Amino acid sequence: MKTTRNIVIAVDGHSSCGKSTVAKEIAKAIGIAYIDTGAMYRAVTLAALRQGLVAPSGPDEAAIAALLPSIVITFDFDKALGRNTTYLNGENVEDEIRAMPVSQSVSAVSAIPAVRLKLTEWQRQMGERQSVIMDGRDIGTAVFPNADLKIFMTARPEVRAQRRFDEMVAKGQQPVFDDVLANVVERDRQDSTRALNPLRKADDAVELDNSDISRQEQYDFILNLLAQRGLIEK
Ligand code: DC
C-alpha cells in the first residue's frame with residue numbers, strides 16, 4: 001500500500017487510548033513517517049525538570065521559555081527493540097519521558113504558550129517535508145487544521161489506565177493502579193481545560209472509541225477511511 005500523494009493524518013484524543021500504537025501500525029503499512037508529538041512535550045518537560053524549573057506550585061514559564069532554544073528533539077527507530085526512540089540533545093530519553101515524574105508534570109508544561117508555539121512550529125516543519133501521521137491533542141485543530149484525515153480517539157478512563165499500567169509493568173516499573181488512573185483522569189482535565197489549543201474534537205474529525213474493539217478492527221477502520229478518501233492505493 002502507498003499514498004496517492006503527500007498526505008497528513010492527524011490522530012488526536014485522550015491520553016493512553018492507543019493513539020501511538022495504531023498510528024505506528026498505519027505509518028508502517030502505508031510507508032509514511034510517524035511523529036509522536038506527546039514525546040516532544042514530554043522531552044521538554046524532562047529538560048525543565050532537570051533544570052529544577054517545575055515546582056509543586058507550577059512550572060516557571062519564563063525560565064522554560066528561555067530554555068527552548070537550547071533543546072533539540074530527534075527521533076530514531078531502535079531496530080533491536082523494534083520501537084521509536086526519543087532523543088533530547090542527543091541523549092536517549094525514551095524510558096525516562098514515560099515514567100511518572102514526567103507524566104505528572106507534562107500537562108502543566110504543555111499548557112505554557114511559548115512551549116506550544118515552538119513545538120507547533122517544529123511539527124509543521126516535519127509535516128511539510130513528507131507524508132506524516134502525527135498523534136497528539138491539537139494536531140487536527142491547531143497544527144494541521146487542513147489535515148487530509150482527522151481521527152479523534154477515546155476510550156473509557158479505566159480501560160486507558162489499565163493499558164498504561166500494563167505498559168509500565170512491562171518496562172519493569174512498579175506502578176500503583178489508582179495512581180495511574182488518577183493521572184489519566186487529571187491529564188484529561190488539564191489537557192481539555194487549558195487556555196491555548198485545548199484537547200477537543202475538530203468538527204471534521206471522525207470519532208473512534210476503542211474501549212470495546214480490537215486493535216485489528218481499529219486498524220481496518222482507519223485504512224478503510226483512507227481508501228474511501230482516495231488517499232491510499234494498493
Ligand atoms: O500523548 P502523551 O500522553 O504522551 O502526551 C503527553 C502530554 O503532552 C499530554 O498530557 C498533553 C501534552 N500534549 C499536548 O498538549 N499536545 C500534543 N499535541 C501532544 C501532547
Side-chain angles (χ1 to χ4, degrees), residues 8-24 34-49 54 59 61 64 68 71 73 75 83-86 88 93-127 132-145 147 150-155 157 159-168 171 175 180-202 205 210:
V8 173
I9 307 171
V11 182
D12 290 303
H14 292 107
S15 56
S16 307
C17 63
K19 298 185 294 291
S20 68
T21 305
V22 73
K24 274 180 225 165
Y34 159 67
I35 293 162
D36 176 353
T37 65
M40 299 170 77
Y41 284 95
R42 286 171 180 273
V44 169
T45 303
L46 178 62
L49 282 168
V54 190
E61 297 203 8
I64 295 173
L68 289 169
I71 293 179
I73 301 167
F75 296 108
R83 62 171 198 180
N84 286 305
T85 308
T86 308
L88 171 62
V93 292
E94 185 59 32
D95 288 334
E96 212 176 340
I97 61 170
R98 312 285 167 192
M100 281 310 256
V102 170
S103 294
Q104 276 159 351
S105 299
V106 65
S107 285
V109 172
S110 61
I112 300 171
V115 171
R116 300 209 71 78
L117 290 176
K118 184 45 85 183
L119 291 200
T120 298
E121 185 188 315
W122 289 345
Q123 289 154 13
R124 285 192 184 135
Q125 286 167 0
M126 291 171 168
V132 291
I133 181 164
M134 208 173 262
D135 86 47
R137 302 293 186 287
D138 61 344
I139 310 305
T141 53
V143 182
F144 288 108
K150 301 179 186 178
I151 307 283
F152 188 83
M153 280 179 61
T154 189
V159 172
R160 292 187 278 129
Q162 187 66 50
R163 291 178 188 154
R164 177 61 55 114
F165 179 89
D166 294 344
E167 242 172 57
M168 294 168 92
K171 282 185 186 153
V180 179
L181 177 60
N183 177 254
V184 160
V185 171
E186 177 56 18
R187 281 206 289 142
D188 287 352
R189 191 192 65 74
Q190 291 189 33
D191 295 345
S192 335
T193 55
R194 69 170 169 245
L196 185 61
N197 300 335
L199 168 65
R200 70 171 179 84
K201 177 180 166 296
N210 67 9

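Numbers for residues simply follow the sequence, beginning at 1. We count ligands from 1, going down the list as the structure has it; atoms in each ligand are counted the same way. These numbers were taken from a predicted model, which means no experiment stands behind them. When reading the values below, keep in mind they use all heavy atoms of this one structure, side chains included, and skip hydrogens, waters and symmetry mates.
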query = Quick one: does R124's side chain have a donor or acceptor within less than 3.5 Å of a partner on G127's backbone?
reply = no

key: Part of M40 within contact of ligand 1 (heavy atoms, under 4.0 Å)   = neither

request  = If you have a sec, work out which protein heavy atom is nearest atom 6 (C) of ligand 1 and how many Å separate them, to one decimal?
outcome  = R187 NH1, 3.5 Å

query = Quick one: do E167 and R163 make a salt bridge, cutoff under 4.0 Å?
reply = no

inquiry  = I need the nearest protein heavy-atom contact for atom 1 (O) of ligand 1: residue, atom name and distance, please.
reply    = R137 NH1, 3.0 Å

ask   = Would you say V115 and Y41 make side-chain contact, with heavy atoms under 4.5 Å?
value = yes

ask   = How many angstroms lie between atom SG of C17 and atom CZ of R164, to the nearest 0.5 angstrom?
value = 10.0 Å

key: Per-atom contacts of ligand 1 with S107, taking only distances under 4.0 Å to non-hydrogen atoms   = 10 (O)

ask   = Between the side chains of R42 and S110, does any donor sit under 3.5 Å from an acceptor?
value = no

remark   = re atom 4 (O) of ligand 1, the protein heavy-atom contact at minimum distance is R42 NE, 2.7 Å

task = Could you find the nearest protein heavy atom to atom 16 (N) of ligand 1 and give me its residue, atom name and distance?
result = R116 NH2, 3.0 Å

query = Judging by distance only, is a nitrogen or oxygen of R194 under 3.5 angstrom from one on ligand 1?
reply = yes

remark   = For atom 12 (C) of ligand 1, the closest protein heavy atom turns out to be S110 OG, 3.5 Å

Whether Q123 lies under 4.0 Å from ligand 1, heavy atom = no

Side chain to side chain, D188 and S15, heavy atoms closer than 4.5 Å = yes

request  = Considering the heavy atoms of G136, write down every atom of ligand 1 situated less than 4.0 Å from one of them.
outcome  = 17 (C), 18 (N), 19 (C)

task = Just need the protein heavy atom nearest to atom 19 (C) of ligand 1, so name the residue and atom and give the distance.
result = T37 OG1, 3.3 Å

Nitrogen or oxygen of D191 less than 3.5 angstrom from that of ligand 1 = yes

task = Report yes or no: does K201 contribute a side-chain atom to a donor-acceptor pair with the main-chain N or O of F152 at less than 3.5 Å?
result = no

note = residues 104-115 vs salt bridge (Lys or Arg N to Asp or Glu O under 4.0 Å), sequence neighbours excluded, gives none

note = Nearest non-hydrogen protein atom to atom 18 (N) of ligand 1, with distance, is D138 OD1, 2.9 Å

key: Sequence neighbours excluded - salt bridge (Lys or Arg N to Asp or Glu O under 4.0 Å) pairs with any residue from residues 134-144   = R116-D138, R137-D191

